[in-house]
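The next block holds one structure in the form of structure tokens; read it before the comments.
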There are 2 protein chains.
Amino acid sequence: MALEHAILVSLEERAGSGYELARRFDRSFGFFWAASHQQIYRTLKRMVARGWVTVTDVAQQGRPDKKVYRATDGGRGELARWLAEPTDPVTVRSEFAVKIRGASFGDPDVVIEEIARHRAHHAERLDVYRTIEKRDFPDPDDLRGQRLHQYLVLRGGIRAEQGQLDWCDELLAALTRDRDSADHEADDTHHHPEG
Amino acid sequence: MALEHAILVSLEERAGSGYELARRFDRSFGFFWAASHQQIYRTLKRMVARGWVTVTDVAQQGRPDKKVYRATDGGRGELARWLAEPTDPVTVRSEFAVKIRGASFGDPDVVIEEIARHRAHHAERLDVYRTIEKRDFPDPDDLRGQRLHQYLVLRGGIRAEQGQLDWCDELLAALTRDRDSADHEADDTHHHPEG
DNA sequence: CTATACATGTAACTAGTTACATGATTTA
DNA sequence: TAAATCATGTAACTAGTTACATGTATAG
């Protein structure tokens, strides 16, 4: 399980409440590991039981009380152990790729619309990442340690989004061409490709 | 849920048994949707109950009997419905990215080894995909329909693997540089960057 | 005689999603 | 006064993994 380890990394970077962690998993951390607040609260409870984190009640003015979590030596040990353990290759699951593979069994125009939607999503993501890159890491060659690692993960996100975007363009070019050539055939009574 | 739809696409391409489906999910189909035989048998049972597929017992000589599954009109309808329904953007989960983000909390050399392992895996995958591309799709411009869709999904795989490979190279360059500069500092008693 | 391929399953567990539940404070 | 932000949870469900279970036929 990696959610525990993702939380350990996040708490090592900075201690925080379940709510704060949930917000991090909506933003920067969520760019490579998604987690809902329900999952986070449940997992934090388990991590306290295992002694990987400690919890402290913190009263606030003008806001509800919160519980601040901090990694313990046990948690740091577990994180180091996990980092040294080889990760086995990810099991890919792309619903979008299933749709492309099955495109013949649906309406071509609707599939093309879906690709355009997918493309727009990745273009937007890429834009967000590029903005963060320029704003937060103007001099990448000077980076070291944690800041460097944050930058490198962002670089991975940029590469992934750019890759998806380029693929969408390839898909749109190929599938619109395929659709249009099928249209011409339907029009053209002189031409019988099946005969 | 997309496993059901992945199975429907696969059975539309060609009817087959649970075992045969499991093999497909180990090979071509598994390049973008992973599924174990346990999951497949369980899901096929559910799909029969929903009327999306029918099952026929087939006796074989020299081999155990098998159950061949075929998509029904109901299954085809469900597939078309699902293809027309917008897919919401994938929730990314990259254990590898978590490890990069948390690299400061482990041994730098071990993290570099992990990246090298990851790189080797993607290089191998890319090689497999490139081989299939050359062997099965020598003239991509002539492709239409199902064959075109198969090719395009393969293209997505090639792009994704190439992207991961390039990222690994960027990671290795940056992290070996960071490690080596830290080593020099430790050696160099004249230089105190923290003072 | 041993390993691999063919063939189909069940049971228990772990991880993740969706729906429900509560309540304070601040901003529009 | 309505919506958004802060803050923490439970319950039920769906999906996926790991372990267990059985048996035949063929190739080395």
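Throughout, a chain's letter reflects where its sequence line sits, starting with A, and its residues are numbered from 1. All values reported here derive from a predicted model rather than from experimental measurement. When reading the values below, keep in mind they use all heavy atoms of this one structure, side chains included, and skip hydrogens, waters and symmetry mates.
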Take atom CE of B/Met47 and atom P of D/dA15, then tell me their distance rounded to the nearest Å.
-> 12 Å
With a 4.0 Å cut-off, would you call B/Asp73 and B/Arg76 a salt bridge?
-> yes
Indicate yes or no: does A/Arg81 engage A/Glu78 in a salt bridge with an N to O separation below 4.0 Å.
-> yes
Once you round it to whole Å, what is the distance between C1' of D/dT10 and CG of A/Leu44?
-> 16 Å
Charged N to carboxylate O below 4.0 Å: is that the case for A/Arg101 and B/Glu13?
-> yes
Rounding to a whole Å, what distance do you find between A/Arg24:CZ and D/dC6:P?
-> 13 Å
Rounded to the Å, how far apart are B/Arg46 CZ and C/dG9 P?
-> 15 Å
N/O (side chain, A/Tyr41) to phosphate O (OP1/OP2, D/dT8) under 4.0 Å = yes
Kindly indicate whether the side chain of B/Arg42 and the base of D/dG16 share any N or O donor-acceptor pair separated by less than 3.5 Å?
-> yes
Side-chain N,O (A/Gln39) to OP1/OP2 (C/dT17) below 4.0 Å = yes
Phosphate OP1/OP2 of C/dC6 contacted by B/Ser17 side-chain N/O (<4.0 Å) | no
Output the single nucleotide from C/dG16, C/dA7, D/dG16 whose closest atom is nearest the side chain of B/Tyr19.
-> C/dA7
Start with the C-alpha gap between A/Val48 and A/Tyr69, add the side-chain angles, then the distance that decides, and say whether side-chain contact (heavy atoms from CB on, under 4.5 Å) holds.
-> CA-CA 9 Å; A/Val48 171; A/Tyr69 293 87; 3.8 Å; yes
For C/dA5, does OP1 or OP2 lie under 4.0 Å from any side-chain N or O of B/Arg23?
-> no
Over how many whole Å does the gap from B/Ile40 atom CD1 to C/dG9 atom C1' extend?
-> 13 Å
Quick note, B/Gln60 side chain, CB onward, closest among C/dA7, D/dA7, C/dG9 is C/dA7
Kindly say if A/Lys45 contacts the phosphate of D/dT8, meaning a side-chain N or O under 4.0 Å from OP1 or OP2.
-> no
Would one find a side-chain N or O of B/Gln38 under 4.0 angstrom from OP1 or OP2 of D/dG16?
-> no
Rounded to whole Å, the CG-P distance (A/Asp88 to D/dT17) equals 11 Å
Salt-bridge test for B/Arg144 and A/Asp178: reply yes if a basic N is under 4.0 Å from a carboxylate O, no otherwise.
-> yes
If you measure only the distance, is there a donor-acceptor pair under 3.5 Å linking the side chains of A/Arg70 and A/Thr54?
-> no
Would you mind reporting whether A/Trp82 and B/Val98 have side-chain heavy atoms less than 4.5 Å apart?
-> yes
In whole angstrom, give the distance that lies between atom NZ of B/Lys66 and atom C1' of D/dG23.
-> 18 Å
Return the polar atom pairs (N/O with N/O) between nucleotides 21-26 of chain C and the protein under 3.5 Å, or none.
{"unit_1": "C/dT25", "atom_1": "O3'", "unit_2": "A/Gly62", "atom_2": "O", "d": "3.1"}

Donor-acceptor contact below 3.5 Å, side chain A/Thr43 vs main chain A/Gln39 = yes
Look at B/Lys67 and C/dG9 and indicate whether a side-chain polar atom (N or O) is within less than 4.0 Å of OP1 or OP2.
-> yes
Comparing nearest nucleotides in DNA chain C, the 5'-proximal residue of the pair A/Leu3, B/Gly18 is B/Gly18
Please state how far atom NE2 in B/His5 lies from atom P in D/dA15, giving the value in whole angstrom units.
-> 10 Å
